[in-house]
Amino acid sequence: MGRLVVIQGATAAGKSAVAASLALGYQCPVVSCDSRQFYREMTIGTAVPSPEELAAATHYFIQDRSIEEPLSAGAYEQEALVLLEKLFAHHSTVILVGGSGLFADALVYGLDPLPTSETIRGELNTIYERDGLAPILEALRMADPVHYNLVDRQNPLRVIRALEVCRASGMPYSNLRTARHATRPFSVVRLAVDMPREELYHRINSRVEQMVHRGLEDEARALIAQRHLAPLRTVGYSEFFDYFDGKLSKEATIDKIKQNTRNYAKRQLTWLRRERDLRYFAPSDIEQIVQWLENSTHGII
RNA sequence: GGUGCCAUAGCUCAGAUGGUAGAGCAACGGACUGAAAAUCCGUGUGUCCCUAGUUCGAUUCUUGGUGGCACCA
């Protein structure tokens, strides 16, 4: 049975470098679970792995599609499972790395097979924009009183999605949620790259400066016609769109990108904190990581 | 050097005729099953510059400092 080594951590913590080092050592491929690095139009602003890192191993799910064809967490799960089956035919180890906690969990634990309907969602969004969330909440209360009581009723995305599932399936959303973890044909070892908050924030700030230096503004400007697409709702692009609209000065734009990236990193850390058996390492601890991986493989841990 | 004004949260500031204080932003904490770098929720974190007085009680009033700003020299 193959082994999936999952590398997580906040943005700018150094995940890509760790993944590349390990992949070089194990001579194994790297699969990304970064929901923004999928898209070839977004290079600078998503901090895709460097050419050196990409040369160290074969990388998958890195800039292999267009923002015109967004990849959802569920679609990612399915596509990545097919890929892993192929990869494990030739490799005993595959590395999964990326900052999107939901996408990593979708692949590791699996999502319930909930339906999706762009049509229904579109209708609900129209109602929401016209009449607010109240009518949608009321419809959800009728369709699924159990979930109505559990859902974050102030979060439009959650409420709309739940009703979308009810309408598309003809069943209450709460009936379809199993909270069971899927069985996978591979074992999973998880680790996270971390460092003191102050240091992480410093790295984020300087990486944003680098992005600007490398031409993030031009990259964003080239995408302004497609700004409504989901993948472009992304830190670094949204702020520059505001700048192009004259809402922010250049300096304020860059400061805002730094701040929003720090806030994003904090949310990533919150997500990971609930993961009980997650082992944390400094990004420079490659030898310790390799040692730990060997020990866990041989059942020492 | 003189005169005046100011000093309160990380920042910008409000405030109490004396009963140890609150807004915005930031920050911090949390949620998360197909929009997830998205979306949403929660939390004031404080030698009220220092000192000595007056007072039952001073961040508030008074004295003397210190720092900043402005004006005059």
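Below, chains carry the letters A, B, ... as their sequence lines are ordered, and counting in each starts from 1. Below, all heavy atoms of this structure are taken into account, side chains as well, without hydrogens, waters or symmetry copies.
Nucleotide B:C32 has no partner under the Watson-Crick or G-U criteria, as no pair reaches both atom distances under 3.5 Å. B:G4 is paired with B:C69 under the Watson-Crick or G-U wobble criterion, all donor-acceptor distances under 3.5 Å. Checking B:U20 for Watson-Crick or G-U wobble geometry (two distances, each under 3.5 Å) identifies no partner in any strand.
No engagement by A:Arg153 is indicated, since no non-hydrogen atom pair under 4.0 Å with the nucleic acid exists. As judged by a 4.0 angstrom heavy-atom cut-off over every strand, A:Phe103 is placed among residues touching the sugar-phosphate backbone only. Contacts of A:Gly236 with the nucleic acid, taken as non-hydrogen atoms under 4.0 Å apart, are absent. Heavy atoms of A:Tyr201 sit under 4.0 angstrom from primed sugar atoms or phosphate atoms, though from no base atom. Using a 4.0 Å heavy-atom criterion, one finds that A:Tyr39 contacts no nucleic acid atom at all. Within the nucleic acid shown, A:Arg158 comes within 4.0 Å of at least one base atom, counting heavy atoms only. Using a 4.0 Å heavy-atom distance criterion, A:Ser238 is classed as making no nucleic acid contact. Across all strands shown, A:Asn260 has no heavy atoms under 4.0 Å from either base or sugar-phosphate atoms. Residue contacts for A:Gln268: at a heavy-atom cut-off of 4.0 Å it reaches no nucleic acid atom on any strand shown. At the heavy-atom level, A:Lys258 lies nowhere under 4.0 Å from the strands shown. Heavy atoms of A:Thr11 sit nowhere under 4.0 angstrom from any nucleic acid atom. As judged by a 4.0 angstrom heavy-atom cut-off over every strand, A:Asp255 is placed among residues making no nucleic acid contact. At a threshold of 4.0 angstrom between heavy atoms, the contacts of A:Pro156 are confined to the sugar-phosphate backbone, with no base atom among them.
Below 30°, between 30° and 60°, or above 60°: for A:Tyr173 and A:His147 the angle between ring planes is between 30° and 60°, a tilted geometry. Below 30°, between 30° and 60°, or above 60°: for A:Phe241 and A:Tyr237 the angle between ring planes is between 30° and 60°, a tilted geometry.
When the P atom is used for both B:U39 and B:G34, the distance is 16 Å, rounded to whole Å. Comparing the same atom, P, in B:G46 and in B:G29 gives a spacing of 16 Å after rounding to whole Å. Distance check on atom P: B:G42 versus B:C6 gives 38 Å, rounded to whole Å. Straight-line distance between the C1' atoms of B:U33 and B:C40: roughly 16 Å, to the nearest whole Å. B:G53 and B:A58 are spaced 11 Å apart, taking the C1' atom of each and rounding to whole Å. The gap from the P atom of B:A23 to that of B:U55 amounts to 35 Å, rounded to the nearest Å.
The shortest non-hydrogen separation linking A:Leu163 to A:Ala143 is CD1-CB, 4.2 Å.
Each of B:U39, B:G34, B:U33 was ranked by its minimum atom distance to the side chain of A:Leu157; first place goes to B:U39.
Along RNA chain B, the nucleotide nearest A:Gln37 and the nucleotide nearest A:Pro115 are compared for position; the residue whose nucleotide lies closer to the 5' end is A:Pro115. Each of A:Val165 and A:Tyr128 has a nearest nucleotide on RNA chain B; the 5'-most of these lies closest to A:Val165.
Between the side chain of A:Arg161 and the base of B:A36, no donor-acceptor pair of N or O atoms lies under 3.5 Å.
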Checklist line | Test side-chain hydrogen bond (donor to acceptor under 3.5 Å, both in side chains) applied to A:Arg3 and A:Ser187, step by step | finding: CA-CA 5 Å; A:Arg3 173 183 63 165; A:Ser187 65; 6.0 Å; no
